[in-house]
Amino acid sequence: MSLRVNHFKTIPALAKTLADASMALGKISLDKKLKHLVDIRASQLNHCAFCLDMHVKEAKMHGERELRLYHVAIWRESPLFSAKEKAALALTEALTRIGDNGVSEALYNELREHFSEVEVSELTFTVAVINAWNRLQILSQMAPGSMDSAYGLDRAELH
């Protein structure tokens, strides 16, 4: 894979705006481990190799257990995720693969059992931003792991 386009060089102001949104998401009340699970699941669904690689490493560095990382793809069947985490992953799938019916009332009600209105908004922005990054990285074809040393991800010790 060779890099097709570097969005930070072609349109730096827009790329910085998205990067700033990502940085702002790092300061929300949403649990960091849950945010990583959302980023990982959206990246899996979108087949974004660069983002999946990056977010798995970040999750490991923030203390996520490796077995749970392996189970993200099978979260519905896995006993390793709480009902709250499963609701967040269901929202991730619903917003990443928006169908004709959008987000069902049942899913919204399930979310509200576990999350405040602010947290639902935080989850929604988290899904929106990772989906934007996925789409940019899929087009650019940046190689997974190519930014590890720049982002400090080599400390994850996943090779």
Side-chain angles (χ1 to χ4, degrees), residues 1-64 68-69 72-73 75 84-104 107-108 111-112 114-159:
M1 242 188 293
S2 63
L3 186 65
R4 291 177 177 166
V5 62
N6 181 334
H7 302 290
F8 282 91
K9 287 185 179 176
T10 57
I11 308 179
L14 286 177
K16 183 183 180 317
T17 298
L18 188 57
D20 289 346
S22 293
M23 294 300 289
L25 286 172
K27 299 173 185 169
I28 61 176
S29 66
L30 201 63
D31 178 70
K32 283 194 186 323
K33 286 184 181 181
L34 180 61
K35 184 185 175 308
H36 290 310
L37 294 176
V38 167
D39 289 340
I40 290 166
R41 187 62 187 140
S43 298
Q44 287 174 337
L45 294 171
N46 290 322
H47 304 279
C48 182
F50 179 85
C51 293
L52 179 59
D53 178 81
M54 180 174 79
H55 292 294
V56 164
K57 290 171 181 171
E58 285 179 337
K60 176 115 179 352
M61 289 171 53
H62 285 115
E64 186 59 79
R68 282 172 40 97
L69 295 175
V72 172
W75 64 268
K84 181 177 184 173
E85 291 167 328
K86 287 183 176 191
L89 290 167
L91 179 67
T92 302
E93 290 187 1
L95 292 176
T96 299
R97 293 181 168 165
I98 298 174
D100 292 340
N101 299 318
V103 176
S104 72
L107 175 53
Y108 182 76
L111 284 165
R112 288 309 310 258
H114 302 286
F115 297 99
S116 69
E117 190 172 4
V118 168
E119 291 169 324
V120 170
S121 289
E122 291 174 342
L123 272 170
T124 304
F125 272 95
T126 297
V127 174
V129 169
I130 189 58
N131 274 284
W133 281 120
N134 288 167
R135 281 145 180 80
L136 291 169
Q137 293 298 358
I138 288 166
L139 178 68
S140 73
Q141 290 191 347
M142 187 174 288
S146 62
M147 297 298 292
D148 281 4
S149 56
Y151 294 160
L153 299 176
D154 41 1
R155 294 176 307 178
E157 298 182 11
L158 290 173
H159 309 282

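- Side-chain contact between F115 and L34 is present, with heavy atoms from C-beta onward closer than 4.5 Å.
- Remark: N101 CG is loosely packed, at most 12 non-hydrogen atoms of other residues, nucleotides or ligands lying under 6.0 Å away.
- Judged purely by atom type and a 3.5 angstrom limit, K33 has no side-chain atom pairing as donor or acceptor with the backbone of A59.
- Annotation for V5 and L139: closest pair CG1-CD2, 4.2 Å, computed over non-hydrogen atoms.
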Q.
Does R41 form a side chain to side chain contact (heavy atoms under 4.5 Å, CB included) with T96? I'd like the steps, not just the answer.
A. CA-CA 9 Å; R41 187 62 187 140; T96 299; over 6 Å; no
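- Atom CZ of F8 sits about 10.5 Å away from atom CG of L14, to the nearest 0.5 Å.
- Proximity of N131 to L95: side-chain heavy atoms (C-beta onward) are nowhere separated by under 4.5 Å.
- Atom-to-atom distance recorded for D20:CG and L25:CG is 11.0 Å, nearest 0.5 angstrom.
- Taking CE of M23 as the start and NZ of K27 as the end, the distance is 6.0 Å to the nearest 0.5 Å.
- E122 places no side-chain N or O within 3.5 Å of a backbone atom of I28 that could act as its donor or acceptor partner.
- A donor-acceptor pair under 3.5 Å is formed between the side chain of H7 and the backbone N or O of L136.
- With values rounded to the nearest 0.5 angstrom, L45 atom CG is found 11.0 Å from I130 atom CD1.
- To the nearest 0.5 Å, atoms OG1 (T124) and CD (E119) are separated by 11.5 Å.
- Closest approach of H114 to A87, counting heavy atoms only: CD2-CB, 4.1 Å.
- Side-chain N or O atoms of E58 include none that pairs as donor or acceptor with a backbone N or O of H36 at under 3.5 Å.
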Q) Can K35 and H62 be said to form a side chain to side chain contact (heavy atoms under 4.5 Å, CB included), step by step? A) CA-CA 11 Å; K35 184 185 175 308; H62 285 115; over 6 Å; no
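- In the model, Q137 has a side-chain atom that pairs as donor or acceptor with a side-chain atom of S140 under 3.5 Å.
- When every heavy atom of S22 is checked against every heavy atom of W133, the shortest pair comes out as OG-NE1, 2.6 Å.
- Nearest heavy-atom pair, A88 versus L111, reported as atom, atom and distance to 0.1 Å: N-CD2, 4.3 Å.
- The closest side-chain heavy-atom distance from L52 to V56 is below 4.5 Å.
- The closest side-chain heavy-atom distance from M54 to M142 is not below 4.5 Å.
- In plain terms, the two heavy atoms of N134 and C48 that are nearest each other are ND2-CB, 3.6 Å.
- With rounding to the nearest 0.5 Å, the separation of CZ in R112 from OG in S116 is 6.5 Å.
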